[in-house]
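Below is one structure, written out as structure tokens; the observations come after it.
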Amino acid sequence: MKNYLQNIFRNASEKLVYLKDAELLFDKPKSESHGDLSCNVAMMLAKKLKRKPGEIAEEIIANLEFDEAVINKIEIAGPGFINFFFTSLFIAKVIENILTQKEKYGRTDKYKGKRANVEFVSANPTGPLTVGHGRNAVIGDTVANMLESIGYEVDREYYFNNAGRQMRLLGDSVRLRYLELLGEKIDFPEDYYQGEYIKEIASELVKEFGNSLKNEEPEGKFKEKAEQVIFEDIKNSLKLLGIEFDTFYNENTLFEEGKIEALLKVFKEKNLSYKKDGAVWLKFTELGGEQDKVIVKATGEPTYRLPDIAYHKTKFDRKYDLMVDVFGSDHAATYPDVLAGLKALGYDTEKIKVLIYQFVTILENGEVVKMSTRKANYVTLDELVDEVGSDVVRYFFNMRNLTSHMNFDLTLAKKQSDENPVFYLQYAHARICSIIRTVSEENIKASTDHLDLLVKEEEQQLLKKLNQYEEEIQYAAEYFEPHRICNYLEELAAAFHKFYTFCRILGSEKNLAEARLALAEATKVVIKNGLSILGVTAPGRM
RNA sequence: GCGCCAGUAGCUCAACGGGAUAGAGCAACGGCCUUCUAAGCCGUAGGUUAGAGGUUCGAGUCCUCUCUGGCGUACCA
């Protein structure tokens, strides 16, 4: 519909010069009585042209050449809106398109040939994934799906660090539990990893090595085993949500391949770093930052900034056109430094899109659960998926704007999972499948020969929703907003349920029944396509 | 103190680079199954969009200030 209007406006701009560089926006009005699409260009131009909006609108309409089989009516309303009403047949034609393209419907090749890297989860292997990581995982994977649907070739990447203080603590935590299992008296420090899984790892080591590790270093077998077991566990948790990564990037390779050293050298050559108090500082003040910051500590160890910059540099070197980072709001303060560093190296940081999502507040029995991996104070992602299933988890984390601080009431989620809107969508899909099964026995086949019969209110409402799908998907993908897909699908399902209630197939005249069945099948395709981007299944029965 | 994100119906949240009468779901109340799945549909009720100013034809949306909450503000990641 929008494309059609774009075209006729373009033709009109041959005669009306002021339309040439005017911004053309077609909005779907909230109220039905304002038409299918509405344009505010006359009001936008009023000031510039020093004329009344109504007058301009009239002139525009007079110069629009349109097909009466497509547009029913054009009118001026309110302060100067131009409202367009489309014919019911034109609106119904979308069915042909959907049924021809099937699972490809809604996908575009707009970004064909472009490569994207989506980095997400990136939790260090110090413990199981928690519900908090769930939001990150689901957002990242869904964004990746969305980008694929608009033509990107996407790599899903997990960045991790198996060195550093936290991992040392982890190794030593396992060591102490190991000694404990061998009957030694130990003093287990408060700031060590308290989780039960530490004991399990220790007990596996006892089984495997007996007491031969008594004098082993914390960072030897203990850390190694812990990392291996925990990573297994993390990958498994992600798999339960249908998430698989193409690449696990170990921070350590940056050191092994000399990328850290090389980067330090470049900063020095560019005179962007200096030594002070035994540490190396980067001149962030010269790069638009608030203050200079340490990139190598006096101990010789780099701070996270240096490897982060080096890591993102590899993404540029790996020739990605788009790099997406999914971070929780606790990391919000770090990425400007990374971007500034990259910019100083001459990279186009516009290609990096950092998605910051706000924290999930977990409530259990009405109380806030504070998550800490170290203190073993958490609800694991596995437990959650076990309780409510992958579909609910994925839908729940997708359904809200990234910027919203979500509340997740576990008690409610477990108890009232039936009331999750995901079931509303899945139910619509299952219903359609059921119709198709039943109706095929009556020898009714979907046909697009008489789409002109689909003129009832509920049919038209549903058709209009279907017409919006392509645009919604593209918009959601380009603006990295998964929740828009949820909103759209809920509206679509609502339109379908109404159609279902008021427009029967069985018992209708043959041509009408066939057209309605085609509409139902088209709806099924779109619901399924939408859910598949969200990573949610579309069951045939419920 | 400073920075980022937020504050919308009893609860959880929408509202597309400012648009017409701020919408859903849940919860509450009242209806609808002898025909394709009642995990559904129809109806009622629920609001000074935290508050105060400002910008303009027009503000939940943009600007300023205040209040409340989350997250930061490291030679931790």
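Labels below follow one simple rule: chain letters A, B, ... track the order of the sequence lines, proteins then strands, and each chain is numbered from 1.
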Could you tell me whether [X] contacts a base, only the sugar-phosphate backbone, or nothing, with contacts defined as non-hydrogen atoms closer than 4.0 Å?
{"X": "R165(A)", "result": "nothing"}
{"X": "T299(A)", "result": "nothing"}
{"X": "S404(A)", "result": "sugar-phosphate"}
{"X": "M406(A)", "result": "sugar-phosphate"}
{"X": "K293(A)", "result": "nothing"}
{"X": "Y500(A)", "result": "base"}
{"X": "G35(A)", "result": "nothing"}

Determine whether I436(A) and K524(A) make a side-chain contact, defined as any pair of heavy atoms from C-beta on separated by less than 4.5 Å.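 Of all side-chain heavy-atom pairs linking K524(A) with I436(A), at least one is under 4.5 Å.
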Counting C-beta onward and ignoring hydrogens, is there a side-chain heavy-atom pair between R484(A) and Y479(A) closer than 4.5 Å?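 Side chain of R484(A) against side chain of Y479(A), heavy atoms only: no contact under 4.5 Å found.
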Kindly state whether the pair F81(A) / rA20(B) counts as stacked, where counting means centroids closer than 5.5 Å and planes tilted less than 30° apart.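 Stack criterion met.
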Is there aromatic stacking of H34(A) on rA20(B) here, judged by a ring-centre distance under 5.5 Å and a plane angle under 30°?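 Per 5.5 Å and 30° rule: yes, stacked.
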Across all strands shown, which nucleotide pairs with [N] by Watson-Crick or G-U wobble geometry, both distances under 3.5 Å?
{"N": "rC62(B)", "result": "rG54(B)"}
{"N": "rA6(B)", "result": "rU68(B)"}
{"N": "rU49(B)", "result": "none"}
{"N": "rA28(B)", "result": "rU44(B)"}
{"N": "rC16(B)", "result": "none"}

Establish whether the base of [N] is bridged to the side chain of [X] by a donor-acceptor pair shorter than 3.5 Å.
{"X": "S38(A)", "N": "rA20(B)", "value": "yes"}
{"X": "N401(A)", "N": "rA15(B)", "value": "no"}
{"X": "N40(A)", "N": "rG19(B)", "value": "yes"}

The side chain of [X] is closest to which nucleotide in this list: [options]?
{"X": "T501(A)", "options": "rG72(B), rC41(B), rA14(B)", "result": "rC41(B)"}
{"X": "K28(A)", "options": "rC16(B), rC57(B), rU37(B)", "result": "rC16(B)"}
{"X": "H497(A)", "options": "rC75(B), rC41(B), rG19(B)", "result": "rC41(B)"}
{"X": "Q358(A)", "options": "rC13(B), rC36(B), rG70(B)", "result": "rG70(B)"}
{"X": "K30(A)", "options": "rA20(B), rU37(B), rA14(B)", "result": "rA20(B)"}

Does the separation of the ring centres of [X] and [Y] fall below 6.0 angstrom?
{"X": "F231(A)", "Y": "F248(A)", "answer": "yes"}
{"X": "F9(A)", "Y": "F26(A)", "answer": "yes"}
{"X": "Y311(A)", "Y": "Y249(A)", "answer": "yes"}

[atom1] gap between [N] and [M], integer Å:
{"N": "rG46(B)", "M": "rA27(B)", "atom1": "C1'", "value": "11 Å"}
{"N": "rU49(B)", "M": "rA6(B)", "atom1": "C1'", "value": "14 Å"}
{"N": "rG19(B)", "M": "rG23(B)", "atom1": "P", "value": "14 Å"}
{"N": "rG69(B)", "M": "rG53(B)", "atom1": "P", "value": "24 Å"}
{"N": "rA22(B)", "M": "rA14(B)", "atom1": "C1'", "value": "10 Å"}
{"N": "rG43(B)", "M": "rU37(B)", "atom1": "C1'", "value": "23 Å"}
{"N": "rA52(B)", "M": "rC67(B)", "atom1": "C1'", "value": "11 Å"}
{"N": "rU73(B)", "M": "rC13(B)", "atom1": "P", "value": "25 Å"}

Could you tell me the separation between the CD atom of E32(A) and the C1' atom of rG23(B), rounded to a whole number of Å?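 It works out to 14 Å between those atoms.
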Atom CG of N398(A) and atom P of rA14(B): how far apart are they, to the nearest Å?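 After rounding, the reported distance stands at 13 Å.
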Assign rC4(B) to syn or anti; the rule is syn for a glycosidic angle within 90° of 0 and anti otherwise.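 Because its glycosidic torsion lies more than 90° from 0, rC4(B) adopts the anti conformation.
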Without hydrogens or angle criteria, can the side chains of Q426(A) and D391(A) be said to hold a donor-acceptor pair below 3.5 Å?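 Indeed, the side chains of Q426(A) and D391(A) share at least one donor-acceptor pair under 3.5 Å.
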Heavy atoms only: give me the nearest Y378(A)-T373(A) pair and the separation to one decimal.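 For Y378(A) and T373(A), the tightest heavy-atom pair comes out as CE2-O, 3.7 Å.
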